[in-house]
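For reference, the structure discussed in these notes is given below.
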There are 2 protein chains.
Amino acid sequence: MRSSPLRTPEYDRDAVLCRAMATFREKGYAATTMQDLVAATGLHPGSLYAAFGNKHGLLLAALERYDQEQAQRTEACFAGVSPLTGLRRFFAGVAAESACTEPSTACLVAKVASELGQDPEIQARSRATLGRLEARFAEALEAARAEGELSAVANAQDLARWLMVGLQGLRAYAYGRPGPEALNAIVAQLFQSLPLA
Amino acid sequence: MRSSPLRTPEYDRDAVLCRAMATFREKGYAATTMQDLVAATGLHPGSLYAAFGNKHGLLLAALERYDQEQAQRTEACFAGVSPLTGLRRFFAGVAAESACTEPSTACLVAKVASELGQDPEIQARSRATLGRLEARFAEALEAARAEGELSAVANAQDLARWLMVGLQGLRAYAYGRPGPEALNAIVAQLFQSLPLA
DNA sequence: CGCTAATTTGAATGGGCACTCAACAAACAC
DNA sequence: GTGTTTGTTGAGTGCCCATTCAAATTAGCG
């Protein structure tokens, strides 16, 4: 029961998850082999299994980290600006990210949710992440209405959902590798469709 | 060179592709094993390989069939009604399809394009299918404008792209298993965002 | 400096995968 | 009927996958 001589792991768990995240994001779940993950993280199989149980567990941990990272990035968009400006910054960032030529810019949550639609654990985590973002959108929209940036009769919940649709549509559309101006035009169209005050 | 005694295959190529399509749509590419496909199609491995070369070739053939099927379904929406009504029918159909509880309702093209983003052949085919749909949207929008259903100043190309974003967003949002009323509300919001005359 | 409990190491393992092939069967020409 | 070409059959093949484990290594503690 008692443990005195504790040996701390030599690797940085966060860095490992970051690498694993990137690998899953690029190749998807099934196409990523444990050898890929071993190469990407620099850990040996035994250490990976000791830390995360198995490949599935590693994906879950990576999703968890992705969730945190995304929440941070989102908050950064809202910091110090009006709610509506924050939303605009958020979508401008997504458009810019989607426009870059690397295909790793896809949303890990969406990609994995599409691939592992049958897995209840993955589904739950994906839904939680997306739900949290939608709730954050709704909060921002409410605040925007309070500040007079949005029509007083607008329904924040409905519009938050609408923004989520726009977000996922934007990311999906970006798979066709359109130019950056097309993506920016889409974002502009999305904001034009909001009942701004 | 000369071939006289031809033996016709015993199976129905179209039915085989239909089954293969459904299997890929449910499980994705990597998670579908050749055994799955053998079971789904009823063919033996040798016949499958003789007909399609390999797993990748079978996916390509399935995508081709999906493309044709989707084109037919799309035209059915436009038959005998005004262009705008045709578009409404199309999106109502997608919403209804996405609302049903089976997870196999996802778009095969989108799912496969997300999973095999690195594969140029798959990418080309996906892009072609999506591009054709977008062009059909643009055509319908032009016709709607000509019939006075759409604002005269509307840009059909831009709006067609906007409908594609709405379409993919709708389908992606449906992964979270919202109720049918939410999906219908999204479609309503999409059409409200169009500059209808 | 042992002693103990933890991590690290990396070769080994068993299973399942995509794919093959040699024997067989059917269809047509003559 | 016979020959030839094609489709069918399904057990077999080798490879690569996720996972394991026993041995080596390291850190804390008296």
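Note that the structure is predicted; figures quoted are calculated from it, not measured. Side-chain atoms are counted along with the backbone in the values below, which use heavy atoms only and exclude waters and symmetry mates. Residue numbers start from 1 in every chain, and the chains themselves are labelled A, B, ... in the order their sequence lines are given, proteins ahead of strands.
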What nucleotide among dA18(C), dT8(C), dA18(D) has an atom nearest to a side-chain atom of Thr33(A)? dA18(D)
From CE of Met34(A) across to C1' of dT20(D) the rounded distance in Å is 12 Å
Check the side chains of Tyr29(A) and Glu115(B) for a donor-acceptor pair under 3.5 angstrom, ignoring hydrogens and angles. no
Would you say the side-chain atoms of Thr129(B) and Ser126(B) include a donor-acceptor pair closer than 3.5 Å? no
Cation over ring face, Arg136(A) and Phe78(A), 6.0 Å, 45°: yes
Rounded distance in Å - CG (Leu43(B)) to C1' (dA18(C)): 16 Å
Strictly by salt bridge (Lys or Arg N to Asp or Glu O under 4.0 Å), give each pair with a member in residues 28-40 of chain B just once, sequence neighbours left out. Lys27(B)-Asp36(B)
Check this one for me: any side-chain N or O of Gln35(A) less than 4.0 Å away from OP1 or OP2 of dC16(D)? no
Full working for side-chain contact (heavy atoms from CB on, under 4.5 Å) between Phe90(A) and Phe137(A): CA-CA 10 Å; Phe90(A) 180 88; Phe137(A) 282 169; 3.6 Å; yes
If you take any heavy atom closer than 4.0 Å to DNA chain C, which residues from residues 47-62 of chain B end up in contact? Tyr49(B), Asn54(B), Lys55(B)
Starting at CG of Asp36(B) and ending at C1' of dC19(C), how long is that distance when rounded to a whole Å? 15 Å
Starting at the 5' end of DNA chain D and moving along, which residue's nearest nucleotide shows up first, Gly46(A) or Tyr29(A)? Tyr29(A)
What pair of heavy atoms forms the shortest contact from Cys18(A) to Arg65(A), and how long is it? N-CD, 4.0 Å
Ignoring backbone atoms, test whether His44(A) places a side-chain nitrogen or oxygen under 4.0 Å from the OP1 or OP2 oxygen of dG10(C). yes
